[in-house]
Structure formats: C-alpha cells, structure tokens
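Notes to accompany the following structure.
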Amino acid sequence: MRPDILNPLFAEATALKGVGPTLAKPLERLGLRRVVDVAFHLPTGWIDRVVRTKLMQADVGRVVSIVVTPVEHRISRSPRGPSRVLATDPQGNYVSLTYFGGSSGYVKKLLPLDEPRQVSGRLDQYGQELQIVHPDLSEPGEEVREREAIYALSEGLTSRRMAQLAAQAVERAPVLPEWIDAGLKERRGWPGWREALARVHADPADAVARARLGYDELFANQVATALVRASTRARKGRPLVGDGRLRDLLALPYALTGAQARTVREIEGDLAQASPMLRLLQGDVGSGKTLVAAMALLIAVEAGAQGALLAPTEILARQHGETLKRQLAGLPVQVAVLTGRDKGRAREATLMGLADGSIDILIGTHAIFQEAVSYRDLGLVVVDEQHRFGVAERLLLQAKGRSPHLLAMTATPIPRTLTLAQYGEMDVSRLDEMPPGRQPIETRVMSDGRLDEVVNALGRHLAEDRQAYWVCPLVEESEKSDLAAAEARAEALRRRFGDRVGLVHGRMKPEVKDAGMAAFAAGRTAVLVATTVIEVGVDVPNATLIVIEHADRFGLAQLHQLRGRVGRGGGNSVCLLLRGPALSETSRARLALMRESNDGFLIAERDLELRGGGEWLGTRQSGEAGFRLAPPDQLADLLSCAHDDARLLIERDGGIEGARGEAARVALYLFERDAGVQLLRGG
Ligand code: ADP
Ligand code: MG
C-alpha cells in the first residue's frame, strides 16, 4: 500500500485549483494525469527578462518588462490583419504592441487609452518602430519575475499557466522523511526533497536542487533494482538443461559470430542453474540478437519446457514470428503467435495449445501474459527491446510459470558507465561483434536549406527501385505538431512522387499504422514518411536510404537506432541527417560523431561526454531509460552514487525494513518503483 503521506500527490490533476475538463485535456496530452506528474514536470529552460523604465534600442532582442501608456489604437482595415496599440514610455518613446488574430474590440478593451500598464515581451524592431508582439500584461507595480520558467507544453497551455499549476502542486507536496544518506546529502549540499522541488520550479537554473531530484529518482530505481535482484536470487526456479538435439537440426546459412556463440554459452550456463536467469543481452542494431533468442528458446524446449518471446509492438511480434517459423521449419517445434488482435477461434486454439503443451514457443505482445493465458510449463521468457518495458511488466510475466528464466534484449546502446547501475539486477552479455559482410552505412550531414537537393536525390534513389524512410522531426512542444510536420511532409512528397508515398505516425490506430508499415514492407509504397514510430526493429532490406529531418533534435542513441533501419540488405545504404541553421558547438560535434561512427556503444559513450555542458535538452533520451528527472549530463555520476547508496541501505542499514528503509519505501512509492516491494511481499 502506498504510504498515506503521498496521497495528496497521487490525487488526480483536477484536484488542482483551476483544472477542469478543459485544462485536464492538454495536461493529459503531456502525460500529466496526477498532481505528482505536474510536480515532476520540470521546467526545460527559462527566460531572463530585464525590467526597464525606458525603451532602448539596445534592448532589441531581449525580453523586457516596462510600464507604458497606450496612446492610440491602430486597428487594421483588413479583418485578419494585426491590431496595433501605440504606447509610450515615461519619456515619450514609442512602442507598438501588436496583436495577431484578435478582434479590434478585444484589443481596445485589453489596453484602454491613457491607462498605464506593465507589459513584458520580446522587444523587436519593426521597420522604424519598436514593437512587442502579444505582450504579457500586468498592473503597474505588480511584481515582475526576472526569471521565468519555460515548460514543455501542449496546445491550450502556457508556461505561465504551467508554472502556476506546478506551484500549486508543490504547495500540496508534503515534507517527506529523508531517504538520502546523511553524509552524502551534506557533502553535496542538497536540500530536502520538498524544498528541492520548490526550488527547481522557482528557479529552473538551480542545478543543486535539480541534482537532488534526479538523484531521488535514480535512488528509487536502484533500491527497486537491488530488491528485485535479491528476491530473484532467492527464488527457486528449475534448471533447464538442453541436450542439443534441436539446435543440431538447425540448418543455418551462416556460422554464429564469436559473440553470439559466447553469449549462447553464457545463457546455457544460466539456464542450467536452479535460481532463475536474469540476463540482459545488449547488442547493437543488426548484431543478431534474434538468433541468440532462438537458441535460448530451443534450449528450453529441449529441456521439455515452453518458451515465450515478448515484443513491444504487434508488427515486431509478427515479424519475429515469421523469422522464427522460417528458421525452425522442419524442426519438431511448434511456434505460435498471439497478439491483442487475435480473437475468436484462432485465439482459443492458441490458448489450448499453450495449456496442453502442444505449442512449444509463443511469440507475441503483452497479450501473452494476460490472465486468460496459461502455460503448461513456461520455462523461459525472452523480452525484446527491453527498454520499452518496465519492471512491473517483467514481474507480471515472471508470475507465469514457476519463476521462469528471463532473457532481456536491448539495442539501446547504453554507455558502459551506466549499464551496471541501470540494469544492476541483471547479468549482462554483449554482442560486440557484427555478423560479417555488413556494409557500413554512409552518413552525411546536410543543412535543411538544401531540401530540394535531398528530394532530387530521393527521386534518383526511387528510380533505381529502391525504398526510403523519411523521418520527421521531433517537435518538443507537442505531439500534435509532430504529426502536422509529418503530414505536411508526406503531402509535399506526394506532390512529387504520387501515391508511392506512405505515412505512419504514433497517433494512428494500431491497425492503420501496421497496414502502412506492411504496405512499405511489401514494396507497395516506396517512401515511408514517419515520426519516430519506426524506431524499433522493423526490417525492410530494400530500404537503403533514410532521411532524418532536424536530426539535431534527436538523442544520438535514437538517431543510431533510426539509422539502423537501413543497411539491412546487400547494397550500400545512406543516411542523410538534415540539420537546422543555427547549431550549437555540441550539436555540431554530436552530428559529426554520427557521421564518423557506426558503433552504437562508442556513440553512446561519447554522447555522454559531449553533453556534459549542462544541456537539459536531452531529457527525452534519459526518458527512454525511464528517468524523467535526472539531468542527462549528470546521469553517470548520480547513478553510480545512487547505486552505492542503495547497496549501503540494503547491506548496512537494514534494507527497507530498517529505520532509513521506512523513508526509502516512501521514495519507492513516490517514483512508482513499488513493484519491487510487492515482489518481496508476494515472493
Ligand atoms: P538485431 O540484433 O538488431 O535484432 P537481427 O537478429 O535482426 O539483429 O539480425 C540482423 C540480421 O543479421 C538478420 O538478417 C540475421 O539473419 C543476420 N544474422 C544474424 N546472425 C548472423 C550471423 N552469425 N552471420 C550472418 N548473418 C547473421
Ligand atoms: Mg531485433
């Protein structure tokens, strides 16, 4: 049970003043359903504004705050033209306050003549005039914040509104017992949890407070990890010893790579133990994880048990199903696929086969662990693209069968420094060797000013009967604009290439999305315009060109994954990274790194170093790993610290039963890592 002290935080967001159905929607789009989500929706940056008593040319480009008096309404003649209000500062200098899209009546009411107002906004030069577009208004004398937080937003929200909601959420937040080791807290100069939260929202530049919040999240993760590990080790599973009879029948057109062979041996060793395997298989895109999974599953079947392979999406599940059925054709092994879309008789038949043991290997999505699905004897579970699943799901699946062995696979290249901490509860195997004959992908970085050339190159590519991906930018502000960008791009490309252009995005109904993917895989469309939904696993060998717009907005790990969509066939593949006009040094260096290396692990390692400059922007990337608060550039440091501290808690301070454990337990629930606690109870 969640400690009562956390209840105010886990109330619905509508408990906040002013949040009704209208505001709940844009919040929901940001994933902010509860007060705690709002509290943890940290500012992504800030604006510094200068308070002035006089308008000055020198402030053009800055956000200024100044008291001015409206002297003239200049209403546009055309109904859609902007409305301007001419105003003067105390010295009589003019500024035009400009409103687009508002009715003139509205603007007149907003800024009556001769009534001084405090306005804030970016001072622009418009012809001869100074102007501020859509200024924020307040009464003269009202306090003006010199630093204002900026938040990730969705349509219907402003940063100001978000700040107010965050302030309310902080208000509701209780003072929590301290879970951080006293010595550590003092050394780092960290405030208490609630104070840290308040500080980050009040001053987004407060690095110390941010570090504390990030640490908390990592600490909760590490404690959960340590608990899972301890309980798994204590569990009794069953040893699975294969006799090789199925693996020997496997007719592969190639030999295992050294790394694959080594990994299979490691897995074989784990499976032979009574305590369940808990192993992570890390391997770059294309390193051949599927074959390792197949070997592991065959060992389980040889030992008389069943195996299951969990994939994050329907399309990947089907793809794995086909690959495995093809590979295992002729072997006395029954393979079935089950996803949420299988209904009726086919589903019934599969369920029967699982229950009576006639199905040896099941491949599917979450559906394979629903309650209705019961296995005769599930001995091994393989999870593909591990980073898509949380601890909770892993635990759910382990509840099936008698503590089955677990093999988790991921292509997300995590720097070595982070692996131990991130997957601390697991043993790790690495596929650090690519199958032979792989053509490296040629990567080029181009300015998006050269879009026409890119489209021409695409035309030549298609003329050779090849296919291509076109990935649209990740727009930070909202998912909607992601979508708009993708739709607009598809539209533009259709004008040139007609109905050979397909489109898939994350907001489509899964069936529609899969149909779009399938059309591309079958070659019915030649260009697939997509948001990042193609990130994971899809395999279309004839697609040998990928264009990624606004590549500078992606995390490198993600870029690398996207790039891995090509280079799967025999021919040369090309990845075009389009960049925006103004790039920071870091962004430049990061894109250059993509150009120079095809090695996911190297890229991850270097990316971590490069982003050391305090860019908070990369949160999406750490988000992939399930962390929302930890500042990416401090992840490595904070994680190893949290790892050690969690160990101290478990080994020295009596675990979550001891005095400090009480507080740690609160942290587990606060960050919803409580699955670890429940596991202990249930186990
Ligand atoms: P990933 O690790 O990204 O899941 P896959 O398992 O999809 O990689 O393998 C990528 C490709 O490499 C597949 O087409 C697979 O058949 C091929 N492959 C796997 N192992 C070998 C090998 N030892 N030698 C040659 N090709 C291999
Ligand atoms: Mg794969």
Side-chain angles (χ1 to χ4, degrees), residues 247 250-267 279-298 307-329 335 337 361 363-365 381-389 407-414 428-441 467 469 517 521 533-544 546 557-571 573 575 598-601 603-604 624:
R247 279 169 288 164
L250 203 59
L252 288 174
Y254 39 69
L256 295 193
T257 64
Q260 282 172 324
R262 189 190 64 228
T263 303
V264 171
R265 275 199 304 278
E266 283 166 350
I267 292 169
R279 184 169 287 275
L280 178 73
L281 173 56
Q282 281 189 309
D284 212 338
V285 187
S287 60
K289 293 185 292 297
T290 318
L291 182 57
V292 174
M295 299 296 250
L297 289 165
L298 285 181
L309 172 62
L310 176 64
T313 63
E314 168 96 17
I315 187 158
L316 271 181
R318 303 229 173 263
Q319 197 171 291
H320 276 318
E322 275 157 34
T323 309
L324 241 69
K325 279 180 187 163
R326 196 164 2 102
Q327 241 161 23
L328 306 187
V335 180
V337 175
I361 297 175
I363 297 159
T365 54
V381 175
V382 181
V383 184
D384 195 18
E385 304 301 346
Q386 156 71 23
H387 66 285
R388 297 267 157 151
F389 299 97
L407 175 66
M409 311 199 290
T410 180
T412 303
I414 303 155
V428 178
S429 298
R430 274 198 174 203
L431 286 184
D432 49 9
E433 181 187 350
M434 284 287 173
R438 192 62 44 91
Q439 299 284 343
I441 300 161
Q467 291 166 279
Y469 295 101
M517 291 271 197
V533 292
I534 59 158
E535 188 187 339
V536 183
V538 194
D539 202 0
V540 183
N542 191 42
T544 50
I546 184 166
Q558 204 178 9
L559 275 184
H560 182 68
Q561 292 252 35
L562 285 168
R563 178 168 66 179
R565 295 307 102 222
V566 299
R568 303 189 151 234
S573 287
C575 168
N598 264 306
D599 178 341
F601 289 104
I603 289 173
E624 281 167 15

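For clarity, every value in this text was computed on a predicted model and none was experimentally measured. Just follow the structure's listing: the first ligand is 1, and inside any ligand the first atom is 1.
Close approach of ligand 1 to T257 is summarised as follows: ligand atoms under 4.0 Å from at least one heavy atom of the residue are 23 (N). For ligand 1 and V285, the ligand atoms under 4.0 Å from any heavy atom of the residue are 3 (O). Residue-ligand proximity, D284 to ligand 1, at heavy-atom distances under 4.0 Å covers atoms 2 (O). Close approach of ligand 1 to T290 is summarised as follows: ligand atoms under 4.0 Å from at least one heavy atom of the residue are 4 (O), 5 (P), 6 (O), 7 (O). Atoms of ligand 1 lying under 4.0 Å from at least one heavy atom of L256, given by number and element, are 23 (N).
In this structure, atom 11 (C) of ligand 1 lies nearest to the protein heavy atom R438 NH2, 3.7 Å. Protein heavy atom nearest atom 2 (O) of ligand 1, with residue, atom name and distance: K289 NZ, 2.7 Å. For atom 18 (N) of ligand 1, the nearest non-hydrogen atom of the protein is Y254 OH, 3.6 Å.
Close to ligand 1: S287, with a non-hydrogen atom less than 4.0 angstrom away. Taking 4.0 Å as the cut-off, L252 does not count as a neighbour of ligand 1 on heavy-atom distance.
A donor-acceptor contact under 3.5 angstrom links the side chains of S429 and E266, judged on distance only.
Atom-to-atom distance recorded for M409:CE and Q282:CD is 12.5 Å, nearest 0.5 angstrom. Summarising the geometry, atom CD1 belonging to I441 is positioned 8.5 Å from atom CD1 belonging to I546; distances are rounded to the nearest 0.5 Å. We find the CZ-CG distance between R262 and L256 to be 12.0 Å, quoted to the nearest 0.5 Å.
Where the criterion is an N or O separation shorter than 3.5 Å, residue side chain and backbone included, G286 meets it with respect to ligand 1. At least one N or O atom of A255, backbone or side chain, sits closer than 3.5 Å to an N or O atom of ligand 1. For a threshold of 3.5 Å applied to N or O pairs, the pair formed by G288 and ligand 1 contains at least one separation below that value.
Taking the centre and axis of the six-membered ring of F601, the NZ or CZ atom of R430 falls inside the cone set by 45° and 6.0 Å.
The pair R318-E314 meets the salt-bridge criterion, with a side-chain N (NZ, NE, NH1 or NH2) lying under 4.0 Å from an Asp/Glu carboxylate O.
Listed by chain and residue number, H461, R466, S573 satisfy the side chain to side chain contact (heavy atoms under 4.5 Å, CB included) test with T544 (two or more places apart in sequence, or in another chain). By the side chain to side chain donor-acceptor pair (under 3.5 Å) test, D284 is found to be paired with H560, residues two or more places apart in sequence or in another chain being considered.
In this structure the side chain of T257 never reaches within 4.5 angstrom of the side chain of M434, judged on heavy atoms.
Within the 4.0 angstrom cut-off, atom 21 (C) of ligand 1 has one or more protein heavy-atom neighbours. For atom 14 (O) of ligand 1, no protein non-hydrogen atom is found at a distance below 4.0 Å.
For the pair E322 (side chain) and Q319 (backbone), a donor-acceptor distance under 3.5 Å is absent.
Contacts between Q260 and ligand 1 below 4.0 angstrom, taking non-hydrogen atoms only, involve the side chain exclusively.
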